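Only one structure is covered here, and it is reproduced in the block below.
The model shown is predicted, which means the values in this text are computed figures rather than measured ones.
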Amino acid sequence: MAAEPTAHALLQKHRPTLDQALEAIRTRAYWSPHPEHPKAYGENGSLDAAAGKAAFDALLGNRLDLADQPGIDDWVGGEVSPYGIELGVTYPHPDIDVLLPAMRAGQRAWREAGAELRAVVCLEILKRISDRTHQFAHAVMHTSGQAFMMAFQAGGPHAQDRGLEAVAYAYAEQVRTPEQAEWTKPQGKRDPLVLTKRFTAVPRGIGLVIGCNTFPTWNGYPGLFASLATGNAVLVKPHPRAVLPLALTVRIARDVLAEAGFDPNLVALAAERPGEGIAKTLALRPEIRIIDYTGSTAFGDWLETNAHQAQVYTEKAGVNTVIVHSTDDYQGMLSNLAFSLSLYSGQMCTTPQNLLIPRDGIATDQGHKSFDEVTADLARAVDGLLGDDARANALLGAIVNPDVKARLEAAAGLGEVALASREVANPEFPDAVVRTPVIVKLDGAKPDDEAAYMSECFGPVSFAVAVDSAADAVELLRRTVWEKGAMTVGAYTTDAATEQAVEEACLEEAAQLSLNLTGGVYVNQTAAFSDFHGSGGNPAANAALTDSAFVANRFRMVEVRREA
């Protein structure tokens, strides 16, 4: 067919990268093909810093053209950067009765392409996204409020790594079953029974990716590429405050599909009017057979309960906990925790919220420290980290929406404040809302305090919770994960029995655990190809990014057998 020369070129170009990704998920060792440093870009077709900024600026105030997408009935927009810039970009609004049938039309050829060709087409999409990492960094920054370097890394190479990881898992699961088998069953003196069997990975249908405001690419790419690589068309419904990064992704994907000889409508965009709530409408359409969602628990629960026709993958909310029992590196512990609480103003699903500290204090390499000393020293560590406004802006970014700001301001009334939040001026973006974290002291034995620390308070809010003992801390941790879920758990202890108890609690409640982190790795960071983001085993998420379970149910194996 006409796509064969392009297909061969893509296989030659990307098969080595696919093989490396397959090896990485097997060994869980560090690997990434996407450079983290901005200066690595600017050659071999990639945009350097100046070109990337210019490409972003060229989008502002204009239509993001997907004119060949069927069923456009309006142009919508309205994104305002958390840094105070009105983006003014408009996007196609879909007539879903026209768009969804058009998306299904290309699935046969995409299915027949096979797992390997689908994988390398996905890798070409990721390569072209990678080439525009600087442009994407500004798009992520001005929709999520992340500071530039975090938007560059988390919204760029780290997101691309997660997309590639999903492709690798998808490929591995599809080729686990051979395409063809000869089956011979002896029949004694009679001729054997002989069948030829062919096995085809068949996609479920159209996948719906419901994007989030805070990490549109990092959270969006795993589901998008897992569904696409397993043969499904994908409809991307971005968060209305963070359309631009995913709209750019859709545009690139459509270009690559068309160039490779496939229907570009295998990937499409569904931007919405203000207050339209199109996600609910789409989620119940019979054509939608897979849903990937990151966001609030309430809507995630609604999807799991109501979208019966679809396989639903959710990352919702949890109450992340760190047990502080003892340490042989007190300053390292404080520095590590201070960074974890401050990064992106705590607006990460992995940021610690509850710090469980024995009310009688902890043993450290600097002697015994009381509960009050630990909280005061942690407050000083955060203050020291964020004392310089330039560094504070680089770490905190901007508050993503007014709801986070309201929760931050209300938190000070929940208990004794160990660290008050302060405003930070951003000279480059005077309208940005930038706030340092607040730490509030609570008592784990008081029922009135439990309502606060047992609820997720998304944003730069943490609770130092006094508990009676290490055993009480482990029991509270266990109950928190069981009832509320957790994306991450941390613990600091020099006691082997306590460490074992924490580890056992996390194994039983299916929570990802980090122990005694005092260096440059933080509890709220996970690395593609090695770390699992979420487990799918507690209420915070019903899936993990990324494992075999995340991809295997996006397709089914269908058998055709014939007598030989």
Side-chain angles (χ1 to χ4, degrees), residues 30 36 147 149-150 153-154 158 320-346 348 350-388 391-392 394-396 418-419 436-441 460-467 469-470 473-474 477 486-503 505-506 511-527 530-531:
Y30 171 77
E36 287 184 310
M149 273 306 297
M150 185 174 186
Q153 293 182 340
H158 297 172
N320 301 319
T321 300
V322 175
I323 291 177
V324 181
H325 170 260
S326 53
T327 179
D328 57 8
D329 185 359
Y330 187 58
Q331 288 304 318
M333 180 190 78
L334 294 174
S335 296
N336 193 280
L337 284 173
F339 189 93
S340 296
L341 300 183
S342 302
L343 185 63
Y344 185 32
S345 301
M348 303 173 69
T350 50
T351 300
Q353 176 177 300
N354 293 345
L355 310 175
L356 309 185
I357 307 169
R359 66 180 73 253
D360 291 336
I362 69 171
T364 81
D365 57 318
Q366 298 182 15
H368 182 270
K369 299 289 183 179
S370 69
F371 174 85
D372 287 338
E373 286 176 316
V374 174
T375 55
D377 289 343
L378 179 58
R380 278 191 288 271
V382 174
D383 263 343
L385 179 66
L386 304 176
D388 175 75
R391 182 164 59 177
L395 285 175
L396 296 170
L419 174 66
T436 62
V438 63
I439 301 175
V440 178
K441 293 195 282 188
V461 178
S462 292
F463 301 116
V465 183
V467 294
S469 65
V474 174
L477 164 66
M487 295 299 293
T488 55
V489 172
Y492 290 90
T493 181
T494 57
D495 178 65
T498 300
E499 180 176 317
Q500 184 177 8
V502 173
E503 186 171 345
C506 289
Q512 311 293 14
L513 172 64
S514 298
L515 286 165
N516 297 316
L517 297 182
T518 57
V521 175
Y522 305 93
V523 68
N524 43 353
Q525 297 174 322
T526 59
S530 187
D531 295 322

- Task: List the steps, then state whether side chain to side chain contact (heavy atoms under 4.5 Å, CB included) holds for Asn336 with Asp329.
- Result: CA-CA 11 Å; Asn336 193 280; Asp329 185 359; over 6 Å; no
- Quick one: CG on Asp360 to OG on Ser469, what's the gap to the nearest 0.5 Å? 9.5 Å
- Message: Can you confirm whether more than 12 heavy atoms, excluding those of Gln500, are under 6.0 Å from its CD atom?
- Response: no
- Say you draw a straight line from CD1 of Ile357 to OG of Ser370; how long is it, rounded to the nearest 0.5 Å? 10.0 Å
- Message: Would you compute the distance between atom CD1 of Ile323 and atom OG1 of Thr498 and round it to the nearest 0.5 angstrom?
- Response: 8.5 Å
- Task: Give the minimum heavy-atom separation between Ala491 and Val502, together with the two atoms involved.
- Result: CB-CG1, 3.9 Å
- Note on the structure: Nearest heavy-atom contact between Val523 and Pro352 is CG1-CG, 3.4 Å
- Item | Donor + acceptor pair across side chains of Thr488, Thr350 (<3.5 Å) | no
- Quick one: does Met150's side chain get under 4.5 Å of Met348's, heavy atoms only? yes
- Query: Which distance, rounded to the nearest 0.5 Å, do you find between the CG of Leu356 and the NE2 of His325?
  - Reply: 12.5 Å
- Query: What do the steps show when you test Gln525 against Leu343 for side chain to side chain contact (heavy atoms under 4.5 Å, CB included), and what is the final call?
  - Reply: CA-CA 10 Å; Gln525 297 174 322; Leu343 185 63; 4.1 Å; yes
- Message: For Asp495 versus Thr493, what's the shortest heavy-atom pair and its separation?
- Response: N-OG1, 3.1 Å
- Nearest-0.5 Å distance that lies between atom CD in Gln153 and atom NE2 in His158: 5.0 Å
- Message: Ignoring hydrogens and geometry beyond distance, is a side-chain donor-acceptor pair present between His368 and Glu373 at under 3.5 Å?
- Response: no
- Message: Looking only at side-chain N and O atoms, does Tyr330 offer a donor or acceptor that is under 3.5 Å from a partner on Asp377?
- Response: yes
- Message: Between the side chains of Asp383 and Arg380, is the shortest nitrogen-to-carboxylate-oxygen separation below 4.0 Å, so that they form an ion pair?
- Response: no
- Query: Shortest non-hydrogen contact from Lys441 to Thr375?
  - Reply: CD-OG1, 3.6 Å
- Note on the structure: Between the CG atom in Leu355 and the CG atom in Leu378, the distance rounded to the nearest 0.5 Å is 6.5 Å
